[in-house]
Amino acid sequence: MRRTKQHGDPRLGAAIFIILGILSLVAGLVFFVVTRRKRKRCSAPVSAKVAENLFERSTIGTGSNKSSVSGYYPVFEFTFRGKKMRVKSNTGSYPPEYKIGDIEEIRVNPDNPQELVSGSGKIEVIVSAALIAFGLLFSGIGVLIALSI
């Protein structure tokens, strides 16, 4: 019977999977709670015109791990409580989600109309669910590895 050489400690692999799983699970839950709270705060419906789509590029990471993320961020114009507002959304997309001149129903925070949400919120739910699912999957794999040791 030939013996195979084992590389590394399986407990380390199990721990890494469990830690990554827990981090992903927590990130998904936090993202879900934060976006739901923002949607609750932004309770005043407003019809807004898409004035422009600002193209922005952000750099993520440092050194050799740098990468850039690009997107179009809609700028909405609307009137709230008699005051004309022009607000850039914090949510961008590539390609642009909205066409210039479109009229969209958005929701603003009555106490701070610079804070707004647009769209149905489905993307936030999908992102949260994906993070939670990956968290459960990775944690489960880690537990299975730990139990097989």
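Values in this document were obtained by computation on a predicted structure and should not be read as measured data.
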Please determine whether side chain to side chain contact (heavy atoms under 4.5 Å, CB included) holds for the pair Val75 and Arg86, giving the CA-CA distance in whole Å, both sets of side-chain angles, and the decisive distance to 0.1 Å.
CA-CA 7 Å; Val75 176; Arg86 184 178 169 95; 3.6 Å; yes
Applying the 4.5 Å side-chain criterion to the ILVMFWY set and letting contacts propagate, would Leu12 and Ile141 be lumped into a single cluster?
yes
For Phe78 and Pro113, work out which heavy atoms get closest and say how close.
CZ-O, 3.7 Å
Common cluster, Leu23/Phe32, ILVMFWY with side-chain heavy-atom separation under 4.5 Å
no
Among Asn109, Val87, Val108, which residue meets the side chain to side chain contact (heavy atoms under 4.5 Å, CB included) test with Gln114?
Val87
What residue pairs, at least two apart or across chains, pass ring-ring contact (aromatic ring centres under 6.0 Å, His included) with a residue in residues 92-138?
Phe17-Phe138, Tyr72-Tyr94, Phe76-Tyr98
Closest contact, heavy atoms only, Pro95 versus Ser93:
O-OG, 2.9 Å
State, to 0.1 Å, how close Ala14 and Gly142 come at their nearest heavy-atom pair, and which atoms those are.
CB-O, 3.4 Å
Lys88 meets the side chain to side chain donor-acceptor pair (under 3.5 Å) criterion, sequence neighbours left out, with Glu56
Just by modelled atom types, is the Glu124 backbone N or O under 3.5 Å from a matching donor or acceptor in the Ser128 side chain?
yes
Among pairs that include at least one residue of residues 108-132, which meet ring-ring contact (aromatic ring centres under 6.0 Å, His included), considering only residues two or more places apart or in two chains?
none
Considering residues, nucleotides and ligands other than Ile123, do more than 12 of their heavy atoms fall under 6.0 Å from its CD1?
no
Assigning hydrophobic clusters by single linkage (Ile, Leu, Val, Met, Phe, Trp, Tyr; side-chain heavy-atom cutoff under 4.5 Å), is Leu25 placed with Val125?
no
With distance as the sole test, does Asp9 use its side chain to make a donor-acceptor pair with the main-chain N or O of Arg11 at under 3.5 Å?
yes
Calculate, to the nearest 0.5 Å, the distance between atoms OG and CD belonging to Ser89 and Glu97 respectively.
8.0 Å
Looking only at heavy atoms, which two atoms of Pro10 and Ile145 are closest? And how far apart?
O-CG2, 3.6 Å
What residue among Val46, Leu116, Val117 forms side chain to side chain contact (heavy atoms under 4.5 Å, CB included) with Arg107?
Val117
Interatomic distance, Lys49 atom NZ to Ile106 atom CD1 [nearest 0.5 angstrom]
14.0 Å
Quick check: is Leu137 connected to Ile16 through a chain of hydrophobic side chains (ILVMFWY, heavy atoms under 4.5 Å apart)?
yes
Quick check on the hydrophobic clustering: are Leu20 and Leu144 connected, directly or via other members, by side-chain heavy-atom contacts under 4.5 Å?
no
Non-hydrogen atoms of Arg81 and Pro110 that approach each other most closely
NH1-O, 3.0 Å
Enter the distance from Leu136:CG to Ile22:CD1 here, rounded to the nearest 0.5 Å.
10.5 Å
Residue pair Asn53 / Pro96: nearest heavy atoms and the distance that separates them
ND2-CB, 3.7 Å
